[in-house]
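The following block contains the structure, expressed as structure tokens.
Here the structure is a predicted model, which means the values were calculated and not measured. Letters A, B, ... are given to chains in the order of the sequence lines, protein chains preceding strands, and every chain is numbered from 1.
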Amino acid sequence: MSATCHRVREALDAYVDGELRGADLRRVSRHLEICRSCAAEVAARREIGQRLRDAIGESYPRPMPPGLAAGVVARVRAESYFSWRAAVGRAVEDWHWVIVGGGAVTSTCLAMLLGGVLLLLGTVSPNAASLSSLGNNLRSSPGALYAEVSQRGGDVMLVQVATGEDAAGPQPTPWNRADDERALVDALGQTLGEDRGLPHWDAMPDAERRYVEWLFDSITRVRRGESGVSPVAPVTVHRLHLVANADVIAKGLD
Amino acid sequence: MKPVRDLVWSEAANADWLLVQQCAAGREEACTRLVTDHQRMVYQLALHLLGDPDEALDLSQEVFLKVFRTLPQFRGHSTLRTWIYRIVVNQASNRQRWWRRRRRALQVPLDEVAVAQSEALALRSAIQPDRVLQQRETQARVWRALNALPFDQRAAIVLREIDGLSYEEIAAALGVALGTVKSRLARAREGLRLALGAL
């Protein structure tokens with residue numbers, strides 16, 4: 001066998017199977033015209049194929065077993081019926097309105113819960129000393145008087161001037177007579193009063209108690225020779241607020 | 001520069017793709033059509049690879065179930081026919097390994113196939129009994145020679161000689177390179193030649 005035959009036989013299967021193209025096909029075809037040995041190889045390969053086809057191939061058509069398609073489709077249908085996707089799909093279809101209703105109820109409950117939380121967290125408790133708290137605070141009795149005051153360029157403060165309760169007892173001695181011992185003693189006598197007997201200190205109203213204390217302090221200072229005493233530092237009143245029921249009525253003074 | 005070949009979306013490929021989409025959407029008439037269009041091809045290849053009609057029928061059902069289960073993975077890179085061929089070969093290869101583990105004898109089913117074919121031939125063409133007997137023996141020898149081949153070579157030669165697939169299609173169906181297809185075919189032919197000799 002020549003070297004050419006050796007090379008051609010490597011391509012003989014492709015030639016027999018019709019897979020050779022172009023120059024390879026021409027080279028093998030030319031060689032087969034002149035080489036009986038290689039041509040015999042081609043014939044042998046073709047005979048093998050023919051024997052296979054004769055024995056087992058399409059030349060002996062067999063009837064297809066019936067029911068293959070129906071059986072396969074039935075199994076595919078059964079598998080798809082029992083698959084989890086199909087089960088979920090059926091469940092969604094069967095319980096559609098229950099799921100929709102449940103979702104609506106759940107979302108409503110969640111919205112209400114969220115709104116409640118926001119209401120609880122969203123309200124800011126007013127500062128007890130702020131003016132708005134006076135109006136909102138039910139403990140601020142109607143008639144209470146507040147003043148916005150400042151001391152010589154200091155910060156403006158909110159000061160309660162009157163409690164709103166009816167004044168009990170004597171009116172305070174005017175501040176311009178705080179160094180007059182006689183006036184102070186008279187005021188103390190009027191406050192305590194001989195006809196009232198000895199009042200019970202704890203039973204006295206706070207204002208009256210503070211007034212009596214102030215009278216005692218002032219009389220003491222005057223008798224010690226301390227003069228020029230002023231009960232309070234001079235202040236500037238900017239605005240007065242009167243609590244009427246739940247409202248605060250403001251009036252500017254400056 | 002070598003010109004780039006335009007991709008041609010043939011009508012057959014288009015029809016395959018449409019059929020696949022309909023099957024994937026769960027349309028039963030499309031599934032039935034896919035099976036009826038390919039059942040002979042699948043059954044015969046299974047029979048040629050396994051040599052047992054009952055096993056081939058069983059394998060055919062498995063193949064189509066596998067086809068429908070994996071249908072969403074079909075991307076149209078090969079034809080539907082080649083894709084199904086590949087599933088048949090893989091399933092048959094798995095079953096062969098299962099058989100080998102259980103040392104199953106292939107002789108009886110192969111003879112049954114040869115007898116069935118010979119009887120069908122005799123009925124159709126009224127050939128004389130001695131010719132039928134000779135034909136039966138020839139078929140049995142061919143079956144034995146074919147099944148004596150390694151599975152890879154048997155699959156290659158069946159796909160080429162019986163089903164008429166091109167090398168490229170065989171490579172796609174077997175999942176191997178073109179060179180491997182050529183060598184397997186050459187070795188399969190050599191093996192059959194040695195086994196059959198002069199009939």
**OP:** Could you look at B/Tyr167 and say if it's the side chain, the backbone, both or neither that has a heavy atom under 4.5 Å from chain A?
**Re:** both
Original post:
Under 3.5 Å, is there a donor-acceptor pair linking the side chains of A/Gln50 and A/Arg45?
Top reply: no
Original post:
Taking the side chain from B/Arg160 and the backbone from B/Leu165, do they hold a donor-acceptor pair closer than 3.5 Å?
Top reply: yes
**OP:** Output the option from B/Glu190, B/Gln61, B/Lys182, B/Arg189 having the highest count of non-hydrogen pairs under 4.5 Å with chain A.
**Re:** B/Arg189
**OP:** With a 4.5 angstrom heavy-atom cut-off, could you sort out which part of A/Val73 is near chain B: side chain, backbone, both or neither?
**Re:** side chain
Subject >> Donor-acceptor under 3.5 Å (B/Asn94 side chain, B/Asn90 main chain) >> reply: yes
Subject >> Polar side chain donor-acceptor pair, B/Ser60 to B/Arg40, under 3.5 angstrom >> reply: no
Original post:
Checking heavy atoms, do the side chain of A/Ala70, its backbone, both or neither come under 4.5 Å from chain B?
Top reply: neither
Original post:
Just checking, is any N or O donor in the side chain of B/Ser183 or B/Thr180 under 3.5 Å from an acceptor N or O on the other one?
Top reply: no
Subject >> Which portion of B/Leu192 sits near chain A, non-hydrogen atoms under 4.5 angstrom >> reply: both
Original post:
Which answer fits B/Arg69, side chain, backbone, both or neither, if we ask what part of it has an atom under 4.5 Å from a heavy atom of chain A?
Top reply: side chain
